[in-house]
Novice: 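Take this structure, written in structure tokens, and hold onto it; I'll ask about it next.
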Amino acid sequence: SDVADFDGRSALLYRFNQKSTSTVKDVISLRFRSHQAEGVLVHGEGQRGDFLTLELQRGRLILHLNLDDAKPQSTGRSSSVMLGSLLDDHHWHSVQIERFNKHVNFTVDGHTQHFRSLGQEDTLEIDYE
């Protein structure tokens, strides 16, 4: 388990072993604390338009997911789910994202939102950085 501290202008870059990765199953788990109500916690995207973004907006977490291999502006095919509230209280919060094909479980502090992502693809293809 590692702890990173960010000041709003910094980022942590993670590199996968392969140039790009295409997955049908993902599990992303993290804990965070913030006194800021806005900010991006996790973002990954691919050359074909797939992306996953986890961000704080007004103290709530929003998960954006696009599996459509096309830019969401042109297709309108990204899924967005909001969960939690008052997450900018400077306390630790747990987040888990589990995805198998289009089926997604998004959990924040033990509360789970189940949803099916939009789009025609079952895989998430993101670049290695």
Novice: With a 6.0 Å cut-off (strictly less than), is the heavy-atom count around CG of Leu86, excluding the residue itself, greater than 12?
Specialist: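 No, the 6.0 Å shell around CG holds no more than 12 heavy atoms from other groups.
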Novice: Locate the shortest heavy-atom distance separating Ile62 from Ser80; write the atom from each residue and the value.
Specialist: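 For Ile62 and Ser80, the tightest heavy-atom pair comes out as CG2-CB, 4.4 Å.
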Novice: Would you mind writing out the side-chain donor-acceptor pairs for residues 36-44 within the sub-3.5 Å range, not counting sequence neighbours?
Specialist:
unit_1 : atom_1 : unit_2 : atom_2 : d
Glu38  : OE2    : Arg58  : N      : 2.8
His43  : ND1    : Thr53  : OG1    : 2.6
His43  : NE2    : Glu45  : OE1    : 2.6

Novice: Side-chain contact, heavy-atom cut-off 4.5 Å: His91 with Arg33?
Specialist: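 When only atoms from C-beta onward are counted, Arg33 and His91 do not touch, as no gap falls below 4.5 Å.
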Novice: Show, in sequence, the C-alpha distance, side-chain angles and deciding distance for Leu61 and Phe32, and conclude whether the side-chain contact (heavy atoms from CB on, under 4.5 Å) test is met.
Specialist: CA-CA 11 Å; Leu61 275 179; Phe32 77 95; 3.8 Å; yes
Novice: Are Arg9 and Asp7 close enough for a salt bridge, meaning some N to O gap below 4.0 Å?
Specialist: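 The answer is yes: the pair qualifies as a salt bridge.
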Novice: Enter the distance from Arg48:CZ to Leu67:CG here, rounded to the nearest 0.5 Å.
Specialist: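 Taking CZ in Arg48 and CG in Leu67, the distance rounds to 13.5 Å.
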Novice: Check whether any side-chain N or O of Arg60 sits under 3.5 Å from a backbone N or O of Gly84 as a donor-acceptor pair, and report yes or no.
Specialist: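 A pair under 3.5 Å: yes.
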Novice: With sequence neighbours left out, what residues match Gln113 under side chain to side chain donor-acceptor pair (under 3.5 Å)?
Specialist: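 Counting only residues at least two positions away or on another chain, Gln113 forms no side chain to side chain donor-acceptor pair (under 3.5 Å).
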Novice: Is Leu30 reachable from Ile126 through a run of I, L, V, M, F, W or Y residues, each pair having side-chain heavy atoms under 4.5 Å apart?
Specialist: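 As far as the 4.5 Å side-chain criterion goes, Leu30 and Ile126 are connected within one cluster.
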Novice: What pairs with His90 under ring pair (Phe, Tyr, Trp, His ring centres under 6.0 Å), at least two apart in sequence or on another chain?
Specialist: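 His90 satisfies ring pair (Phe, Tyr, Trp, His ring centres under 6.0 Å) with His35 once adjacent residues are dropped.
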Novice: Going by the side-chain contact (heavy atoms from CB on, under 4.5 Å) test, name the single residue among Leu83, Ile28, Val104 that passes it with Leu63.
Specialist: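 Output: one option passes, namely Val104.
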Novice: Using side-chain heavy atoms (C-beta onward) and a distance below 4.5 Å, is Leu65 in contact with Val81?
Specialist: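 Heavy-atom side-chain distance check fails, nothing below 4.5 Å.
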Novice: Can you tell me how far apart CG (Asp127) and CZ (Phe51) are? Round to the nearest 0.5 Å.
Specialist: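 Going from CG on Asp127 over to CZ on Phe51, the span is 14.0 Å.
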Novice: What is the minimum heavy-atom distance between Asn66 and Gly49, and which atoms define it?
Specialist: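 For Asn66 versus Gly49, the nearest heavy atoms are ND2-O, 2.8 Å.
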Novice: Enumerate, atom names and distances included, each donor-acceptor pair closer than 3.5 Å involving a side-chain atom of residues 94-101, sequence neighbours excluded.
Specialist:
unit_1 : atom_1 : unit_2 : atom_2 : d
Gln96  : NE2    : Glu98  : OE2    : 3.3
Arg99  : NE     : Asp26  : OD2    : 2.9
Arg99  : NH1    : Asn101 : O      : 2.7
Arg99  : NH1    : Asp122 : O      : 2.9
Arg99  : NH2    : Thr23  : O      : 2.7
Arg99  : NH2    : Thr23  : OG1    : 3.1
Arg99  : NH2    : Asp26  : OD2    : 2.6

Novice: For residues Ser79 and Ser117, report the shortest heavy-atom separation together with the two atoms involved.
Specialist: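 Heavy atoms of Ser79 and Ser117 come nearest at OG-CA, 3.3 Å.
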Novice: Starting from Phe6, walk the hydrophobic network (Ile, Leu, Val, Met, Phe, Trp, Tyr; side-chain heavy atoms closer than 4.5 Å) and list everyone else you reach, by chain and number.
Specialist: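 Besides Phe6, the hydrophobic cluster comprises Leu12, listed by chain and residue number.
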Novice: Taking side-chain contact (heavy atoms from CB on, under 4.5 Å) as the definition, give me every residue that meets it alongside Asp5, ordered by chain and number, with sequence neighbours left out.
Specialist: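 Asp5 satisfies side-chain contact (heavy atoms from CB on, under 4.5 Å) with no other residue.
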